[in-house]
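Inspection log for the structure reproduced underneath, given as structure tokens.
Just so it is clear, the values below take in all heavy atoms, side chains as well, and ignore hydrogens, waters and symmetry mates. Given the structure is predicted, the values throughout are model-derived calculations rather than measurements.
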Amino acid sequence: MSAGIVRETVHSTLQKALKDAKTAGDLELTTLPALVLDVPKKSAWGDLATTVAMNLSVSERRAPMEIAQIISKHLLPAHSDVLARADVAPPGYINLTVKRDLWFRVLAEIETQGEQYGRSTLGLGKRVLLEFVSANPTGPLHMGHGRGAAVGGALANLLRHVSYDVSTEYYINDAGRQVRLMAASVTAVNNQTSLPEDGYQGAYIHDLAKQLRAFPQPVPNVAHWACARLLEGIKADLQAFNITFDRWFSEQKELFDSGAVDQALNVLRQQGYLFEQDGALWFRSTAFGDDKDRVVKKQDGEYTYLASDIAYHLSKLKREPQYDLLINVWGADHHGYIPRMQAAVEAFGYPKDRLKVILVQIVNLLRGGQRVTMSKRAGEMVTVREVFEEVGADAAKFIFLTRRADSQLDFDLELAKQQSAENPVYYVQYAHARVASLFRVARERGIDVPVTGSVDWSVLNSPDDLDLIKPLAEYPALLEASAQALEPHRLTYYLQDLAGRLHAYYYKHRILPPVLERELDSQDHLKPVAQEADQGRKGEVLTPALTAARLCLFRVVQTVIRNGLGILGVTAPERM
RNA sequence: GCGCCUGUAGCUCAGUGGAUAGAGCAUCAGCCUCCGGAGCUGAGGGCCACAGGUUCAAAUCCUGUCAGGCGCACCA
């Protein structure tokens, strides 16, 4: 695990203090509690705080404040190289202030680890199968699919970043009624007959009809052919979105043609969870807490969607080596399916939490605050492709990730295109580009961006410096927490905050010495003005050492922004 | 009717049982001789839907009520 160097150091320091307190007989500590470190809400309360004294109060049968005093007594003297202060605050907090040098070690660590910074061993040895998008090949991807793609893609990156072994998969519903309906709709257009009931409409159906008419060879199976065309489009869209899948799983080929559906149902039958009634075949999902039993094979002999989904999940469960966790990203309107799918997982003998479902809520498309109306019935859907073309994949992804997945999202096309601070993606990308720009200017003037080893950090002695450094130290812990909660949106919030801190610092402090006279020195570099004349804002004197340290600080901030954007699947531009 | 989700600043939303609940937008008031103003600073704004309960401690957990969304097919 890596929760970052500061947290780990403080954690082990705290652990040792508790042990010392026990050895000294000051505390009983029959059980060692989990040591949780929180970042206090106010910086005046220190850098990290623990509530362990309050948690111990019952088992120690003492007042929390008293316990906090004891712990802090053992905390300070022996470990003065880590902590500057350990304050006790009512009703029993221990507020820890970290020595400045420890913060500076974070900067060196980021530089050393580069794009590896933030990795941890949290998920080491654990295999995860992440299924997402899985849109039916009956039409182009719409906004909801786009959001699912953004969430799934970011989640895959995030989990991999903390060492989970992640496989991504797209389930292609290329069998069954919907596909037949779509094909029938295409045929109806070509035959100029009326659409089937619940048939598909929209421009793409007419496009397909036209393509079909122009197809050089006769097409024996329109459904198969149309699915393939639509799947090509879906794949192209996802490629434009830079979302990749390790496996495309075909319902038709891998479940029906292979006989896997029958096999899966046979397993259920052997376990006694299958029964016949009213001429249909049922899965006894109520045995596992579902509201009602579910039909898997209809009176007409056709399998339901659930039957293939059961078979699909059995296939996922049985893969070798086994997955420790199956994650499905579903549209929120499918939430009613969770109990029956988990019932199937249990029926197959696995714990039901082997399957976790992330529900993605709908996206309301706006333009300049006005709702863009869509009618699914008439086939008037705004496709993800249209949105990418209008606002770009970066903006789309970032905005999709600005809310919790299960919270509805307003997506404003005008805002997404806007290149201002109101658009969160530009705000964050701009922070990255701004550092890149600063380095370009530095290079022009012959000022090197130094490596951390050669920097005198002690010049970074203002609270503003720590405001920028502290979130960098929190980054690994943030990734772990986001991964554990399966919530990539936390990272977007983090990045907005970090970018904001960079912008504020940049505005407040000068990094490079200003050039007052546009003179060139002997090496054709712009000549910096004399130091004495160089008064920055707030009367700050900018020394070369300060320039060096701040450049270095900015570079590691840039690294973290780039890493974070990378996990979200968003590019980190050098200029904008 | 039953189930799931959601009620947090004017709006959109963060907030893994811990301190005086935060951000962006909007509103108002400020900030460009100099590294990208695509930016920054400040102010106002809250019975965390409501009522009980658990706990040393609740926006967070439990129960109920109210409001909104979604689902309740031998559709997917």
* Base B/A23 paired with A/Asp497 side chain (donor-acceptor, <3.5 Å) ->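 Not at all, since no donor on one side and acceptor on the other fall under 3.5 Å apart.
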* Asked: For residues 42-50 of chain A, which residues have at least one heavy atom under 4.0 Å from RNA chain B?
  ->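 RNA chain B contact set from residues 42-50 of chain A: A/Lys42, A/Trp45, A/Ala49.
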* Asked: Which ones in residues 288-301 of chain A lie close to RNA chain B, meaning a heavy atom under 4.0 Å from one of its atoms?
  ->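 Within this stretch, A/Lys292, A/Val295, A/Lys298, A/Gln299 sit under 4.0 Å of the strand.
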Examine distances only and state if a side-chain atom of [X] and a backbone atom of [Y] form a donor-acceptor pair shorter than 3.5 Å.
{"X": "A/Thr492", "Y": "A/Leu401", "result": "yes"}
{"X": "A/His145", "Y": "A/His142", "result": "yes"}
{"X": "A/Arg440", "Y": "A/Glu574", "result": "yes"}
{"X": "A/Asp406", "Y": "A/Val360", "result": "no"}

Indicate yes or no: does [X] engage [Y] in a salt bridge with an N to O separation below 4.0 Å.
{"X": "A/Lys508", "Y": "A/Asp464", "answer": "yes"}
{"X": "A/Glu487", "Y": "A/Arg403", "answer": "no"}
{"X": "A/Arg61", "Y": "A/Glu28", "answer": "yes"}
{"X": "A/Asp38", "Y": "A/Arg7", "answer": "no"}

[N] [atom2] sits how many Å from [X] [atom1], rounded?
{"X": "A/Tyr506", "N": "B/C40", "atom1": "OH", "atom2": "P", "value": "12 Å"}
{"X": "A/Arg340", "N": "B/C72", "atom1": "CZ", "atom2": "C1'", "value": "8 Å"}
{"X": "A/Arg501", "N": "B/A23", "atom1": "CZ", "atom2": "C1'", "value": "12 Å"}
{"X": "A/Leu281", "N": "B/C74", "atom1": "CG", "atom2": "C1'", "value": "11 Å"}
{"X": "A/Met54", "N": "B/A58", "atom1": "CE", "atom2": "P", "value": "12 Å"}
{"X": "A/Arg180", "N": "B/C75", "atom1": "CZ", "atom2": "C1'", "value": "11 Å"}
{"X": "A/Gln418", "N": "B/C25", "atom1": "CD", "atom2": "P", "value": "11 Å"}
{"X": "A/His334", "N": "B/C70", "atom1": "NE2", "atom2": "P", "value": "15 Å"}

* **Distance-minimising heavy-atom pair for A/Val435 and A/Phe554** =>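 Closest approach of A/Val435 to A/Phe554, heavy atoms only: CG1-O, 3.7 Å.
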* For the residue pair A/Val459 and A/Ala549, what are the closest heavy atoms and their distance? ->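 Taking every non-hydrogen atom into account, CG2-CB, 3.7 Å.
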* Asked: Which residue, A/Tyr305 or A/Pro40, contacts RNA chain B at a nucleotide closer to its 5' end, judged by nearest heavy atom?
  ->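 It is A/Pro40, whose closest nucleotide lies nearer the 5' terminus.
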* Asked: Toward the 5' end of RNA chain B, which comes first, A/Met576 or A/Ile362, by nearest nucleotide?
  ->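 Counting from the 5' end, the first nearest nucleotide belongs to A/Met576.
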For [N], the Watson-Crick or wobble partner whose two distances fall under 3.5 Å:
{"N": "B/C56", "result": "B/G18"}
{"N": "B/G1", "result": "B/C72"}
{"N": "B/C35", "result": "none"}
{"N": "B/G7", "result": "B/C66"}
{"N": "B/C40", "result": "B/G30"}

[X] near the nucleic acid: base, sugar-phosphate alone, or nothing, with a heavy-atom cut-off under 4.0 Å?
{"X": "A/Pro424", "result": "nothing"}
{"X": "A/Asn95", "result": "base"}
{"X": "A/Ser57", "result": "nothing"}
{"X": "A/Asp278", "result": "base"}
{"X": "A/Ala485", "result": "nothing"}

Given the [atom1] atoms of [N] and [M], what is the spacing between them in whole Å?
{"N": "B/A19", "M": "B/G1", "atom1": "P", "result": "39 Å"}
{"N": "B/A14", "M": "B/U20", "atom1": "P", "result": "24 Å"}
{"N": "B/C25", "M": "B/A57", "atom1": "P", "result": "39 Å"}
{"N": "B/A49", "M": "B/A67", "atom1": "C1'", "result": "8 Å"}
{"N": "B/A43", "M": "B/C47", "atom1": "C1'", "result": "24 Å"}
{"N": "B/A29", "M": "B/G17", "atom1": "C1'", "result": "40 Å"}
{"N": "B/A21", "M": "B/A59", "atom1": "C1'", "result": "8 Å"}
{"N": "B/A51", "M": "B/G7", "atom1": "C1'", "result": "15 Å"}

Does the side chain of [X] come under 3.5 Å of the side chain of [Y] through a donor N or O and an acceptor N or O?
{"X": "A/Asp309", "Y": "A/Tyr171", "result": "no"}
{"X": "A/His224", "Y": "A/Asp174", "result": "no"}
{"X": "A/Glu474", "Y": "A/Tyr494", "result": "no"}
{"X": "A/Arg550", "Y": "A/Tyr505", "result": "yes"}

* Candidate nucleotides B/G37, B/C35, B/A19, ranked by approach to the side chain of A/Leu438 - the nearest ->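 That would be B/C35.
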* Among the nucleotides B/G37, B/C74, B/C56, which one has an atom lying closest to any side-chain atom of A/Trp282? ->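 So the side chain of A/Trp282 is nearest to B/C74.
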* Asked: Going 5' to 3' along nucleotides 4-16 of chain B, which nucleotides have protein heavy atoms under 4.0 Å from the base (write B), which only from the sugar-phosphate (write S), and which from neither (write -)?
  -> B-S-----BSSSB
* Report yes if some heavy atom in the side chain of A/Tyr507 is under 4.5 Å from a heavy atom in the side chain of A/His503; otherwise report no. =>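 Contact flag for A/Tyr507/A/His503 side chains = no.
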* Asked: Glycosidic conformation of B/C32, syn or anti, with 90° from 0 as the boundary?
  ->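 Syn, angle within 90° of zero.
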